[in-house]
Structures are given as structure tokens and as C-alpha cells.
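Working notes, structure below.
For ligands, and for the atoms within them, numbers begin at 1 and follow the listed sequence.
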Amino acid sequence: MAVNMKGKDLISIADLSLEEIYEIFDVAKSLKRKLYTGEEHHYLKGKTLGMIFSKPSTRTRISFETGIYQLGGYGMYFNQNDLQLGKSENIHDTAKVLSRYLDGIMIRTFSHQDVIDLAKYATIPVINGLTDLLHPCQVLSDLFTILEKRNKLQGLKLAYIGDGNNVAHSLLHGCSKVGMDIVVASPKGYEPKKEIVDNAIEIAKYMGSKVEIINDPFEAVKNADVVYTDVWASMGQEKEAEERRKVFKNYQVNLELIKHAKDDYLFMHCLPAHRGEEVIDEIIDSPNSIVFDEAENRLHVQKAIMVLIM
Ligand code: CP
Ligand code: NVA
């Protein structure tokens with residue numbers, strides 16, 4: 001392996017170098033091929049990954065659990081009720097104790113700071129499986145999927161339509177790191193966080209790519225190679241869902257909007273999708289849609305991450 005990532009945490013794409021990102025893609029490609037051809041390997045034989053979930057999950061849980069199993073290791077699932085964490089034990093002590101048993105921790109939770117603290121006190125790698133702020137494993141898998149389809153990343157344009165949420169934030173980091181232009185179109189007041197945007201603009205400068213935050217979805221999709229959207233109300237925002245349906249109604253990815261993208265545009269969504277809200281069936285089920293390839297690639301990319309850091 002060209003780049004040594006052993007012991008590293010995977011908390012934000014902003015923490016990764018371009019070489020590390022492409023190392024993850026190279027290893028993912030090789031692991032995907034080995035899985036397809038049935039080639040035996042057990043890179044993480046005997047290793048245990050603890051998986052802490054404070055929010056629900058289909059893809060993240062199943063891809064990590066299957067992934068560690070395919071690598072010869074074992075995945076141990078906890079929801080927050082299973083642990084003393086957040087009840088009678090703090091993050092510091094939990095991190096210290098888990099580090100004595102496990103070889104890696106994957107955590108999905110609300111507070112991004114909790115993941116940073118867990119990683120600070122743990123002596124084993126910590127992987128961010130989604131926080132309110134970021135979803136790095138998703139976006140690394142998305143970029144890998146675009147690379148598979150287009151054979152390049154640099155110079156492509158991605159338009160993200162909708163809420164300036166965790167997925168949008170990681171896309172800002174990811175696209176700027178690999179030199180893709182990114183335009184985010186969100187309603188006023190729902191734009192991505194300024195600190196993330198500023199960071200992405202800074203990174204994009206080195207790559208000669210563009211970062212734009214606008215309010216007009218039609219302007220955003222103009223000439224886009226990739227059109228990406230996500231739910232209007234994320235996990236934890238259920239009470240705002242009705243209000244958000246009104247605010248976001250002009251941000252649906254539908255036939256009218258998509259006309260402005262390139263003819264061979266790729267449609268992406270991290271899933272789960274709320275069909276009829278942020279996207280309509282005719283788009284998500286169209287030949288341009290690669291949503292299930294993205295979902296599959298979570299498995300291969302996260303296996304690569306585990307192999308490299310654990
Ligand atoms: N995209 C994603 O992270 O899906 P889950 O919430 O099902 O894990
Ligand atoms: N933004 C969504 C992503 C789900 C994978 C959420 O946080 O609920």
C-alpha cells in the first residue's frame with residue numbers, strides 16, 4: 001500500500017489528503033473485484049469492529065457488518081440503549097474501555113463533537129458513520145461511484161439540490177478535495193454551514209475547482225454532470241418535516257428541473273429517499289440514476305477504509 005493510514009480516524013473528508021482518498025478508491029476497487037471473483041482473503045482476520053448507532057440505519061449498518069465479516073473479522077452492534085454511554089458513563093471512559101476490547105469503532109450519532117471526543121480518547125480508529133454535521137463514508141462511496149462511471153472526477157460538475165445538511169457538507173469537502181465543481185442550491189436559511197463552505201472554498205483553490213452556494217435550483221443544475229439530492233428533513237428533524245415540505249417544494253428533482261442538466265447526467269441520492277418529495281419516481285428509477293450502485297459501493301469503500309486504518 002502506497003499510503004500508510006494505519007491507526008487513522010475517518011471523521012471528515014477534510015482530514016484526508018488527495019493521496020489517501022485515491023488509496024481508499026484503489027483498495028475499494030481491488031476488494032470489489034476480489035468479492036466478484038470469489039478470491040479468498042482475510043485482511044482483518046480476528047479483528048472486531050464495534051458499531052454504535054444512536055440513529056436508525058439500513059445501508060450503514062448492513063454494509064459495515066457484512067464488510068467486516070467478509071474481511072474475516074466480526075462486527076458488534078450496539079444501539080445507545082445497550083451501552084452505559086450517555087447514561088452512567090461519559091465518552092472519555094467509554095472510549096478508554098472500548099479501546100481495550102475492540103480494534104475499531106464505527107459510530108452514528110447526533111453530535112459531531114461526540115465523535116471527535118470519542119476519537120480523541122480512543123486508542124483505536126474511529127469511523128464516522130454519520131453525524132448531524134457530516135457523512136464522510138457516504139460521500140467517499142459516492143465519489144468512487146462517479147469515478148467508476150466517468151473514469152475521472154476532476155473537472156466534473158456536481159449540483160446538489162436541497163437541504164444544506166450532513167451529506168451536502170461532506171459533498172462540499174469531497175468535491176473540493178478531488179477537484180470537482182460543486183454548486184449547492186438551497187432555500188434561504190437552509191444553506192450549508194459557513195465554516196464548511198469556507199473550508200471547501202479554501203481546498204478548491206488548490207485544485208482549481210469551484211464552490212458555489214446559491215438559491216436557484218435551475219441555475220445549479222445547468223450543465224451538471226451529476227445531480228444529487230437528499231431528504232428535506234433529516235433524522236432528528238422529524239418535527240420540522242411538515243414545515244420543510246413547504247419551504248423545499250421548489251427544490252424537487254423532477255423532469256422540469258432535470259432538463260437543464262447534461263443529457264447524460266447521473267442522478268444520485270444517498271438514500272433513504274422520500275419519493276414524491278425531493279425526487280420523483282421517473283428520475284430515481286431512470287437509466288441515469290445510479291442510486292443502487294452508490295448504495296452497493298458503501299460496502300466496498302468502507303471495507304477499504306477498515307483495511308487501511310484497522
Ligand atoms: N445512506 C445511508 O447512510 O443510509 P442508512 O441511513 O440506511 O445507513
Ligand atoms: N441527511 C440524511 C442522510 C441519511 C443517510 C439524514 O441525516 O437523515
Exercise for the section: Measure the shortest side-chain to side-chain distance between E148 and K32 over non-hydrogen atoms and say whether it is less than 4.5 angstrom. Expected result: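 A side-chain contact exists here, since the closest heavy-atom pair is under 4.5 Å.
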As a check for students: among [options], identify the option with a heavy atom nearest to [atom].
| atom | options | value |
| --- | --- | --- |
| atom 2 (C) of ligand 2 | A273, G236, S234 | S234 |
| atom 6 (O) of ligand 1 | R108, R59, K55 | R108 |
| atom 1 (N) of ligand 1 | T60, D142, L271, N166 | L271 |

Problem - K87, NZ atom: more than 12 neighbouring heavy atoms under 6.0 Å - result: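 Yes, the 6.0 Å shell around NZ holds more than 12 heavy atoms from other groups.
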Handout entry: Centroid separation F267 to Y228 less than 6.0 Å
Key =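 Here the rings of Y228 and F267 have centres that are no less than 6.0 Å from each other.
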Handout entry: Heteroatom distance test (R61, ligand 1): nitrogen or oxygen, under 3.5 angstrom
Key =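 No, since none of the N or O atoms of R61 sits under 3.5 Å from an N or O of ligand 1.
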Handout entry: Polar contact flag for P272 and ligand 1 (N/O pairs, less than 3.5 Å)
Key =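 No, there is no polar N/O contact under 3.5 Å.
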What is the closest protein heavy atom to [atom], and at what distance does it sit?
| atom | answer |
| --- | --- |
| atom 2 (C) of ligand 1 | R298 NH1, 3.3 Å |
| atom 3 (C) of ligand 2 | D230 OD2, 3.6 Å |
| atom 8 (O) of ligand 2 | M235 N, 2.8 Å |

Exercise for the section: Look only at interatomic distance and state if C270 has a nitrogen or oxygen under 3.5 Å from any nitrogen or oxygen of ligand 2. Expected result: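 N/O-N/O distance under 3.5 Å: no.
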Exercise for the section: Could you say whether the N/O atoms of K55 and ligand 2 ever approach to under 3.5 Å? Expected result: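 In this structure, K55 places no N or O atom under 3.5 Å from an N or O of ligand 2.
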Handout entry: Value rounded to 0.5 Å, distance of CG in L143 from CG in N297
Key =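 Rounded to the nearest 0.5 Å, the CG-CG separation comes to 11.0 Å.
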Practice task
To the nearest 0.5 Å, tell me how far S170 OG sits from H135 NE2.
Solution key: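 Taking OG in S170 and NE2 in H135, the distance rounds to 8.0 Å.
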Handout entry: Given I283, V221, V279, the one that forms side chain to side chain contact (heavy atoms under 4.5 Å, CB included) with I258
Key =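 Output: one option passes, namely I283.
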Problem - Close-contact set for ligand 1 against T58 heavy atoms, below 4.0 Å - result: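 Checking each atom against T58, I get 5 (P), 7 (O), 8 (O).
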Exercise for the section: Select one of side chain, backbone, both or neither to describe which atoms of L271 lie under 4.0 Å from any atom of ligand 2, heavy atoms only. Expected result: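 Near ligand 2, L271 shows its backbone, while the atoms from C-beta on stay back.
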For [X], atoms of ligand 2 separated by under 4.0 Å from a heavy atom:
| X | answer |
| --- | --- |
| N166 | 1 (N), 2 (C), 6 (C), 7 (O) |
| N165 | 1 (N) |
| L130 | 3 (C), 4 (C), 5 (C), 7 (O) |

Exercise for the section: Assess K55 against F110: is NZ or CZ under 6.0 Å from the centre of the six-membered ring, and within 45 degrees of the ring's axis? Expected result: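 K55 over F110 ring: yes.
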Problem - Pi-cation contact, Y77 with R61 (under 6.0 Å, within 45°) - result: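 The answer is yes; both the distance and angle limits are met.
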Practice task
For the residue pair Y22 and F25, categorise the inter-ring angle as parallel (less than 30°), tilted (30 to 60°) or perpendicular (more than 60°).
Solution key: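 Perpendicular: the ring planes of Y22 and F25 meet at over 60°.
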Handout entry: Salt bridge K34-E40, side-chain N to carboxylate O under 4.0 Å
Key =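 Judged by the 4.0 Å cut-off on N to carboxylate O distance, K34 and E40 do not form a salt bridge.
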